[in-house]
Amino acid sequence: MDKWVLIDGNSIIYRAFFAMPPLTNSAGLHTNAVYGFTTMLLKLLEEEKPTHMLVAFDAGKVTFRHEGYEAYKGGREKTPSELSEQFPVLKELLQAFGIAQYELSGYEADDIIGTLSRLADEQGVETVVVSGDKDMLQLASDHVTIALTRKGVSEVERYDPAEIKEKYGLTPLQIIDLKGLMGDTSDNIPGIPGVGEKTALKLLHEYDSVEGVLANTADLKGKMKEKVETHQDSAVMSKRLATIFREVPLEKSTDELAYGGYDAQTLADMFRKLEFKSLIERMALPEAGGGADAGVPAEAPTYEVVSAASLGKAELASLLASSESVYIETIGDNPHQARLIGLAIANGERIAVLTYDDLMDPALSAPVRSWLEDEKAPKRGYDLHKAELALGWIGISLRGIAFDALLAAYLLDPTESSQTLAALIQRHRLSAIQTDEAVYGKGARLQVPEGEALANHLAAKADAVRRLVPLLSEELEKGNMTKLNDELEQPLAVVLAGMEKQGIQVNPAVLEDLGAELEKGITRYMSDIYTHAGMEFNIGSPKQLGEVLFEKLGLPVIKKTKTGYSTDAEVLEKLEPYSEIVKMILHYRQLTKLQSTYVEGLLKEIRRDTGKVHTYYRQTIAATGRLSSQYPNLQNIPIRLEEGRRIRKAFVPSEPGWKILAADYSQIELRVLAHISGDEKMKQAFIEDADIHTKTAMDVFGVTAENVDANMRRQAKAVNFGIVYGISDFGLSNNLGITRKDAAKFIEQYFAVFEGVRTYMDTIVAQARQDGYVTTLLERRRYLPEIKASNFNLRSFAERTAMNTPIQGTAADIIKLAMVKMDAELRERGLRSRMLLQVHDELVFEVPADELELMKTLVPEVMESAIALDVPLRADVSYGDNWYEAK
DNA sequence: GGGATGGTGC
DNA sequence: ATACGCACCATCCCG
C-alpha cells in the first residue's frame, strides 16, 4: 500500500525559521530553519512511513499568476538573509535524507503539490500534504489529507474533508471561494475589502460560491451590498489567484518520488556539519567524525545463511563447536509470555538458522538443544536473560552464558536510551542491519515474516553480535568494568532468571476479599463526593476534578500544570481546610489506586498454570545500576499505609508449611556514604550502630539524645534523605515546608558537623566535571555530560546526579553481590530455600520449616559480608506466613 | 498509540 | 528563577 507525503518546502521553511530561536553552527551558518524542518521530517517519517515523498519549492519570482496581476505576492518583506542562506542547505539535507525535491519554473510549490495530489486522487493513493498555508485545504479529498503546521513546525493539525466541513462548514473547493471573498494580505490578494473570514463564511453558507454571491447581490443589504458590487471583479480575480493549478506539466514520474530510507552515514555527516548533535544521538547515527573513513559501505554479507535442517549432522556439530555467537529471537515485551521466533548460530563463515518449528522438531533440534543446555559450550549473545526465560517456558534451559552484548552495552553507558542491536551496531559503525520495526512492524501491524526474510534477519543479528563481542569486551576492559561484567552482572543475570522462573505464589482469595472491601469504600466515597459536588463527574479525570474543585466549588488554586489545575495529593492536602470533599477525594484516590493497580493488576498477572506471578527483573534500565521490575512490578507493593500494606498478605509460600523470610539492609545508602566520604562522625555513628537520624539531630541541633524530639528527628531524617539525593536548599525547603533560607541554614549546619560529607560532595562534582563521569565502588560508570551545561537547571541536575549515583549505585552493587553469593550459598549447601524477590535493599525468600533457623542467620550473614566497608553493614531479618507477616 | 497526570516503592 | 535520586503502572484524553 503506497503512501505519499508531499511537502510545501517554502511554506515549511518559513514557518520553521520564525518558529525557532536563532541557531548557528560554529562556522556562523544559520541553521534554525533547517533544524526545524528536520525535526518535522523526522516526525513525518516516523508517523507516516511514506513510500513516496517529495518536497516542492517555488521556482523563481515570476509565475503564471503574475500574468494579469503583477502585484501578486507584492509588498512582501524581502526574505532575510539568515533564512535565504538556509535554502541551499536544506536542499543538500534533503539529498542526504534521500528525499526527492522538485521545482519548476513558472509554478509555485502549491501547484506542483496540487498536480501530484490530483494524481494521487486518480490512483487512489493515500496522501498527506504538509504545509503552513491554509489554501492547501482545497486539495483535501477522500485520499488526500492536509497537515497544517500549528504552532512551531513539528506540530501539525490534520484535515480531511469532514474536518474542514466541521470547522468551516465548507467543502474543500469552497476554500478557494473563501479566499476569493476575504483575500489574503500575505499574498497581496485583495478579495473584497471589508470582508473578513466571518462575513465570507456567512456569505458562502448562504450562496455556496463567489459566483453565487455575485449572482445574488440583490439579496444583500446596505454597506455589504455596496462593497460586494463595487469589488465584483476583484473577487473573481482573487478566486482565480487562490486556485491551485493542478495540471502542471511535471517532468518527473511518480516513481522518482519513491523513498527508500536514508543512509545513516551520509545523514550523520550532514548533521555533523550542521552540528545537530542531539539528532545524531536521538537517531543513533554513527558517531565518529567524517574524514577519510566516513561512510562505512554496507558490506555484502561475509557469511552463508543456512537452515539448520539443511545441514548434515557433522556440519551442524562443527558449526556448534566453533560458534562465536547466537541470536535468540523473541517477540513480545514480557519474556514469560514472549513468542520464541527462532534462533541463529554463527561462526565467522556460516550461520545456521532454526525457526520455532525446527526447534520443536526433536529429531532436527536435538543437537542444538543439547548445545543450548551445555554449561561448557559458551554462548555469546544479546539479551540472553530474556532468551533464557523464553526458552525456559518451552522446556529448554539455556546454560553456559559467556557474554551478553546488551548487558555490556548497558554497563558501557547505562543512560543510553536505545540499546537495540540495530542502534548498537550503528554506534560501532558496523554495517547496518534492519531495525526490528522495519522487519516485523509494530502494534496492530506486527507481522513476522517467514522463510528467507526471517532467516536473513536473524542471521544478520547473529553476525552483528559476533562482531560486537570483541569491541564491547575491549571497551569494558578500557573502562575497568570487565570484572563487574564477568563476576557480577553476568552471573546475576542467571540468578535473576532463576528467581523469575520460580515466581512467587499469590493467593487470589486474599486479593478478591480485599477487592470486595475496597469496592464498598469506593462506592461510598463516590456517592459522597457527588453529593458534595452537587453533580456527578469522573473523579478520575484530573480535568473534570479540577473544574469541580476550582470552578464549581471555588477552592483556591494552589498549583497549575501544563494543561490545567494541579490536583495532586500535595495540593489536595493544602485544600483540606476549605471543603470536606477534599479528604473524600484523597481517600477515593487511595482506594482506587489499590483496587486497580494492586488488586486487579496483580490478579491479572497470576499465571493460571502456576498460581504464581513471575516478575521480570530488568538489569539494563536504571541509570544507577539498580534493577527494575515489570509484569508485575514487585518493587512497589504498598507498605507505608496499613490499608495498602495488606496487599502483602496475598504473597505466600508455594509449599505447605513453608515461610516467607525477608531481610533488608538497614540504612545501606547512608552507610555507603559514610564509607565513600570517609566522614569520621558518620562512620562513628554506624560503628556504634546508633539511630542515624537521632544522631544527626543531636549533632545538628547540638542537643543530647534525650532532648531530640520527634520533630527534630523528622527534620534530621529529611536532611539525610536530601543528602543522599544530592541536596539543594530548594528541595529541602519543599520537603520540610520551611523557607529556602532556613533550609540553606539547615544544610550549612549539617555540613559544619559532617565535614567529610561536604568534602565528598564538592569533590565528586569536581571529579565529574573533570572526567565526565562518576563511578561506584565496583567501577560502574555513569556519564554526566550536562555537568558542563550553561543552563542552570541542566547543570544542577547533573551535579545532584553526580552526588547521588555513586551512593545509590554502590548500594545496588552491594545487594547484587549479596544475591550472587546467596545463590551460590543455597546451592553449595544443598538448601531447598529459594530466593524470590529483590526490592533494592531487601531480599525475600521462601523457606521450608526445617531450614528456617539456618536461614535466619545465613541470609543476614551473607548480606552483611557481601563486601567489607569502613562501616559495618547491617541486615534485619523477619519471617511469617506471608510477606505482610515478614515485617 | 502516546503524552500528561497521579501514585506506589526504595 | 530554581524539581532532592531511581523506577513502573494506572487512568484519562487527544489524535
Side-chain angles (χ1 to χ4, degrees), chain A residues 46-47 145 147 150 155-158 160 163 414-415 442-445 538-546 559 561-572 585-586 589-590 592-602 604-605 615-618 621-641 644-645 647-648 664-665 667-669 718-736 740 743 747 782 791-809 811-812 815 838-842:
Chain A
E46 190 181 349
E47 288 177 0
T145 59
R150 215 168 16 191
E155 261 190 69
V156 296
E157 197 155 13
R158 277 153 224 270
D160 61 18
E163 282 151 348
T415 54
K442 74 167 183 180
R445 287 183 295 281
N538 186 347
I539 309 168
S541 159
K543 187 161 169 263
Q544 293 182 35
L545 180 62
K559 194 165 74 177
T561 67
K562 261 183 269 183
T563 53
Y565 310 110
S566 170
T567 68
D568 64 24
E570 204 184 311
V571 167
L572 294 185
I585 292 165
L586 284 167
R589 284 241 178 103
Q590 188 196 357
T592 50
K593 174 80 179 180
L594 290 174
Q595 184 75 302
S596 61
T597 305
Y598 296 106
V599 172
E600 290 166 0
L602 217 43
K604 271 188 272 199
E605 292 290 343
T615 192
Y616 173 38
Y617 286 108
R618 299 202 58 185
I621 298 294
T624 53
R626 275 191 177 182
L627 299 177
S628 83
S629 154
Q630 283 181 311
Y631 317 123
N633 179 357
L634 294 182
Q635 292 183 319
N636 71 344
I637 304 299
I639 189 166
R640 227 179 64 250
L641 302 173
R645 192 173 195 157
I647 296 284
R648 295 182 173 230
D664 67 304
Y665 279 114
Q667 303 295 352
I668 188 166
E669 292 188 337
V719 178
N720 278 330
F721 269 94
I723 290 292
V724 167
Y725 292 153
I727 202 156
S728 76
D729 49 12
F730 191 91
L732 185 67
S733 71
N734 220 10
N735 195 351
L736 280 178
R740 205 182 68 238
I747 294 169
R782 179 173 182 179
N791 178 309
F792 174 85
N793 272 334
L794 289 181
R795 192 179 61 246
S796 303
F797 189 59
E799 287 170 357
R800 290 195 296 274
T801 310
M803 301 182 222
N804 169 261
T805 293
I807 301 172
Q808 193 182 117
I815 193 164
Q838 189 252 44
V839 193
H840 308 307
D841 67 351
E842 174 186 14

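Convention: sequence-line order gives letters A, B, ...; per-chain numbering from 1.
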Between [X] and [Y], is there a donor-acceptor pair closer than 3.5 Å when you use the side chain of the first and the backbone of the second?
X	Y	answer
A:Gln544	A:Asn538	yes
A:Gln838	A:Leu627	no
A:Asn804	A:Val724	yes
A:Thr615	A:Ser629	no

Is the closest side-chain donor-acceptor distance between [X] and [Y] under 3.5 Å?
X	Y	result
A:Arg618	A:Ser628	no
A:Arg589	A:Thr567	yes
A:Gln808	A:Thr624	yes

Round to the nearest Å and state the distance from [X] atom [atom1] to [N] atom [atom2].
X	N	atom1	atom2	result
A:Lys562	B:dG6	NZ	C1'	14 Å
A:Tyr725	C:dT2	OH	P	23 Å
A:Ile807	B:dC10	CD1	C1'	14 Å
A:Asp568	C:dA3	CG	P	15 Å

Indicate, with a heavy-atom threshold strictly under 4.0 Å, whether [X] touches base, sugar-phosphate, or nothing.
X	answer
A:Thr805	nothing
A:Ala811	nothing
A:Val724	nothing
A:Arg626	base
A:Ala623	sugar-phosphate
A:Ile639	sugar-phosphate
A:Thr592	nothing
A:Arg445	nothing
A:Ile621	sugar-phosphate

Just to confirm, is there a sub-4.0 Å distance from OP1 or OP2 of [N] to any side-chain nitrogen or oxygen of [X]?
X	N	answer
A:Thr563	B:dT5	yes
A:Arg640	B:dG9	yes
A:Arg589	B:dG7	yes
A:Ser628	C:dC8	yes

Can we say A:Glu669 and A:Arg626 salt-bridge, meaning some charged N sits less than 4.0 Å from an Asp/Glu carboxylate O?
yes
Looking at the side chain of [X], which of [options] is the nearest nucleotide?
X	options	answer
A:Phe792	B:dG9, C:dT2, B:dA4	C:dT2
A:Ala569	C:dC6, C:dT2, B:dG7	B:dG7
A:Ala622	B:dG6, C:dC6, C:dA3	C:dC6
A:Phe797	B:dG6, C:dC6, C:dC8	C:dC6

Hey, is the side chain of A:Arg740 pairing donor to acceptor with the base of C:dT2 inside 3.5 Å?
yes
Starting at CZ of A:Arg740, measure out to CG of A:Asp729 and round the result to the nearest 0.5 Å.
6.0 Å
I would like to know whether A:Gln635 and A:Tyr617 meet side-chain contact (heavy atoms from CB on, under 4.5 Å); could you show each step before the answer?
CA-CA 10 Å; A:Gln635 292 183 319; A:Tyr617 286 108; 3.9 Å; yes
If I pick the C1' atom on C:dT2 and the same atom on B:dG7, what distance separates them, to the nearest angstrom?
25 Å
Give, ordered by number, those residues of residues 629-637 of chain A having at least one heavy-atom distance below 4.0 Å to an atom of DNA chain B; if nothing qualifies, reply none.
A:Gln635, A:Asn636, A:Ile637
Protein within reach of the bases, or only the backbone? For nucleotides 10-15 of chain C, mark each nucleotide 5' to 3' as B, S or -, using heavy atoms under 4.0 Å.
SSSSS-
Does A:Tyr631 OH have over 12 foreign heavy atoms under 6.0 Å away?
yes
